[in-house]
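Encoded as structure tokens, the structure appears first; notes follow it.
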Amino acid sequence: MNRYPEIADRLMGLDEAVSRFVKDGCQLAIGGFTITRNPMAVAYEIVRQRVKDIHLVCHSNGQALDVLVGAGCVRRLEIAYGGNGRYAPTCVRFKKAVQRSEIEFEDYSNYQMSLRFLAGALSIPFIPTKSGLGSDLMNYEGFPPDIRREKKVASKKYAKMQNPFSEQRDEVVLLPALTPDVTILHAQFVGDDGTVRMKGLTFADIEQAKAADAVIVTCEDIVPRSFIRTDPDQNSLPPFFVDAIVKVPYGAHPTACYGFYDYDPKHLNLYRKMAEDDALFREYLDEWVYGVSSWEDYLTKVGMEMILKIKANPVIGYAPGLDRK
Amino acid sequence: MIQYSDNEMMALAAGRFIKDGDIVFAGTGVSILAATAAKRIFAPKAVIFFETGGIDPSLDEIPMAVADLRAMAGTSLNSGLIEAFSIVGHRKLHTVAFLGAAQIDRYGNLNTTCIGDYFKPRTRFSGSGGACDVATFASGVITFMQHEKRRFVEKLDYLTSVGWYKGGNSRKELGLRRGGALAVVTNLGVLRFHEETKEMYLAEYFPGVTIGKIVESTGFPIDTSMAVEADAPTPGELQILREEVDPQRLICQAVLAAPQK
């Protein structure tokens with residue numbers, strides 16, 4: 001008997017979701033922002049399946065970005081910000097990968113990347129903004145010309161044009177749309193009809209999802225249609241945008257999930273320390289990614305004590321008084 | 001004698017710039033300390049918001065990143081990046097942004113991207129994030145810096161975020177309608193920009209700091225003729241900062257690490 005007949009064909013495990021949708025060389029977008037609502041369980045599964053040559057398109061994806069770059073899954077990166085707030089002012093493996101010329105990278109800003117996802121979602125080829133005028137973001141093309149012809153790589157980083165509606169000099173920057181092969185995101189709720197509800201800030205998750213060819217959503221829980229359709233103003237995505245649904249409680253750990261759990265300061269500090277050293281980072285991956293047999297196993301390693309410490313007060317949304325040093 | 005940390009002095013010096021009705025774009029670290037101090041001490045009718053989309057959070061605890069759950073608790077609205085940037089540049093709003101940087105030049109242009117060659121950097125930093133965007137759209141930018149010669153440079157290794165660009169009228173000529181660098185707050189003092197040339201000058205030095213120390217910590221010539229000593233924090237200000245703004249003392253005591261967001 002299937003409890004969720006409406007989404008039965010889309011409900012699957014992490015292994016199937018990744019093997020079906022996250023291919024070698026694919027262009028990937030990640031939901032969440034720095035230390036919040038990163039789809040970590042999916043990121044770990046991508047590492048476990050040793051997906052290669054990913055073209056990652058990011059605004060400010062912190063922890064998932066750093067794990068994927070550090071594990072060698074990423075070949076090409078378009079990025080606005082590689083940092084984890086006070087827990088890593090610059091994401092450590094991202095920093096090393098750039099300094100060692102291990103990845104191809106191109107810089108944009110957060111708003112530029114968000115607009116590029118929006119353009120993809122709107123099915124328009126480019127989008128104008130004033131942001132970037134005078135900045136070296138618009139002076140340095142990160143990617144060499146030979147990869148500009150490759151699939152899903154824009155033929156140039158940006159273009160400038162005169163505002164066609166003005167007689168006076170008025171320059172704008174044009175940014176190429178992004179249409180990732182797959183977007184992965186973590187939500188608080190998915191209805192048993194497939195409707196997605198994200199709580200707290202949505203960052204650019206909605207634009208990223210609508211811009212993508214395929215969308216994997218992990219969630220804290222699957223809830224009845226009667227619940228998710230009672231207050232539809234709260235919902236983020238209709239069911240038809242979602243291709244794979246995986247129920248993964250604590251699936252954003254060690255990043256936070258509003259209303260459910262805070263970020264895990266101890267783990268983020270441990271990660272930064274281990275990421276600083278190549279050998280220790282391999283140990284980190286062995287211990288926390290390759291070496292875990294299931295998500296339950298991962299959470300067991302995190303431990304009940306920390307799970308309880310970071311558990312959010314459901315009214316306040318975070319874990320008040322949590323030791324965040 | 002009252003004891004206080006660099007971060008506390010910087011937060012209060014920056015907070016004094018904020019007026020009632022200002023919409024304040026905050027980052028983390030000393031930036032959120034300053035924004036919250038501004039609201040609790042100097043401008044209770046200012047509104048704090050984050051590029052991630054959190055608007056007017058209650059800030060009962062201090063966020064450690066702009067995506068911290070504490071930036072989305074008690075807000076008037078939780079939205080996303082596109083909405084947040086529609087506020088930064090809104091023509092009806094006076095928006096002031098707090099930023100940090102690894103390098104700054106005399107026109108208040110900022111580098112948060114790299115030291116050395118862009119393609120093979122000696123040190124890579126986080127990148128623009130929303131910094132280039134708010135530097136483009138906000139009514140004014142206040143930047144927090146550690147005051148060191150290697151950070152106050154003649155020429156940036158990478159110009160991430162535009163201040164007064166090449167000085168004079170050059171920012172406007174780029175096609176940017178408003179904004180520009182309002183002030184730079186360092187661990188030594190407060191710098192502002194000449195009305196016409198848009199060059200940085202020393203406006204205030206903090207108690208216990210000499211003008212000579214600031215001159216030798218700045219990698220380009222700087223006008224000090226208008227400098228005055230800044231007011232030290234009052235016991236009342238420090239009490240609010242420590243007991244209401246940052247009761248867990250996560251940032252009040254910390255040493256500023258750049259670049260920050």
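Because only heavy atoms are used, hydrogens play no part in the values below, and waters and symmetry mates are left out as well, while side chains stay in. Each chain gets a letter, A, B and so on, in the order its sequence line appears, and its residues count up from 1.
No part of B:D117 comes within reach of chain A, as not one of its non-hydrogen atoms sits under 4.5 angstrom from that chain. For B:F119, the parts lying near chain A are the backbone and the side chain together; criterion is any non-hydrogen pair under 4.5 Å. Contact annotation for B:Y158: both backbone and side-chain heavy atoms come within less than 4.5 Å of a heavy atom of chain A. With a threshold of 4.5 angstrom between heavy atoms, A:P265 does not approach chain B through any atom at all. For A:T255, no part sits under 4.5 Å from any heavy atom of chain B, backbone or side chain. Only the side chain of B:R177 has a heavy atom closer than 4.5 Å to any heavy atom of chain A. Within the 4.5 angstrom heavy-atom criterion, atoms from both the backbone and the side chain of A:L115 approach chain B. Contacts of A:Q168 with chain B are absent, with no heavy-atom separation under 4.5 Å from either backbone or side chain. Heavy atoms closer than 4.5 Å to chain A are found in the side chain of B:T113, but not in its backbone. In this structure, chain B has heavy atoms under 4.5 Å from both the backbone and the side chain of A:T202. Only the side chain of A:R169 has a heavy atom closer than 4.5 Å to any heavy atom of chain B. Residue B:S79 touches chain A through its backbone alone, counting heavy-atom pairs closer than 4.5 Å. Contact of A:F94 with chain B is made through the side chain alone, with heavy-atom distances under 4.5 Å. With a threshold of 4.5 angstrom between heavy atoms, B:I62 approaches chain A through its backbone and through its side chain.
Here the CG-CG distance, from A:L137 to B:L159, works out to 9.0 Å after rounding to the nearest 0.5 Å. Distance check, rounded to the nearest 0.5 Å: NE2 of A:H59 to OG1 of B:T52 gives 10.5 Å. Here the CG atom belonging to B:D68 is positioned 11.5 Å from the OH atom belonging to A:Y258, to the nearest 0.5 angstrom. Of the inter-residue distances, the one linking B:T123 atom OG1 with A:K95 atom NZ reads 5.5 Å to the nearest 0.5 angstrom.
For the pair B:P121/A:V98, a side-chain contact is recorded, criterion being any heavy-atom separation below 4.5 Å from C-beta on. Using a 4.5 Å heavy-atom threshold, the side chains of A:D323 and B:Q248 count as separate. Side chains of B:L81 and A:F33 form a contact here, defined as non-hydrogen atoms less than 4.5 Å apart. Considering only heavy atoms from C-beta on, A:D262 comes within 4.5 Å of B:R70 through its side chain. A:L133 has its side chain out of reach of B:T136: every pair of non-hydrogen atoms, C-beta onward, lies at least 4.5 Å apart. Between B:S128 and A:Y81 there is no side-chain heavy-atom pair separated by less than 4.5 Å.
Between B:V162 and A:G134, the shortest heavy-atom contact is CG2-C, 3.5 Å. Taking both residues in full, the closest heavy atoms of B:G175 and A:D170 are given as O-OD1, 4.4 Å, listed atom of the first, atom of the second, then distance. In terms of heavy atoms, A:G132 sits closest to B:C132 at N-SG, 3.7 Å.
Scanning for side chain to side chain donor-acceptor pair (under 3.5 Å) contacts around B:Y118 gives A:D107, with sequence neighbours left out.
Judged by distance alone, the side chain of A:S135 and the main-chain N or O of B:T160 form a donor-acceptor pair under 3.5 Å. A donor-acceptor pair under 3.5 Å is formed between the side chain of B:D133 and the backbone N or O of A:Y111.
More than 12 heavy atoms of other residues, nucleotides or ligands lie within 6.0 Å of CZ in A:R100, so this atom counts as buried by the packing criterion.
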Inset, instruction - Assess whether salt bridge (Lys or Arg N to Asp or Glu O under 4.0 Å) is satisfied between A:R324 and B:E61, documenting all intermediate values. - result: CA-CA 11 Å; A:R324 296 183 288 139; B:E61 288 189 7; 3.6 Å; yes
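When each of B:I82, B:V134, B:L110, B:L77 is scored by its heavy-atom pairs under 4.5 Å with chain A, the top score falls to B:I82.
The closest side-chain donor-acceptor pair between A:N110 and B:E51 falls under 3.5 angstrom.
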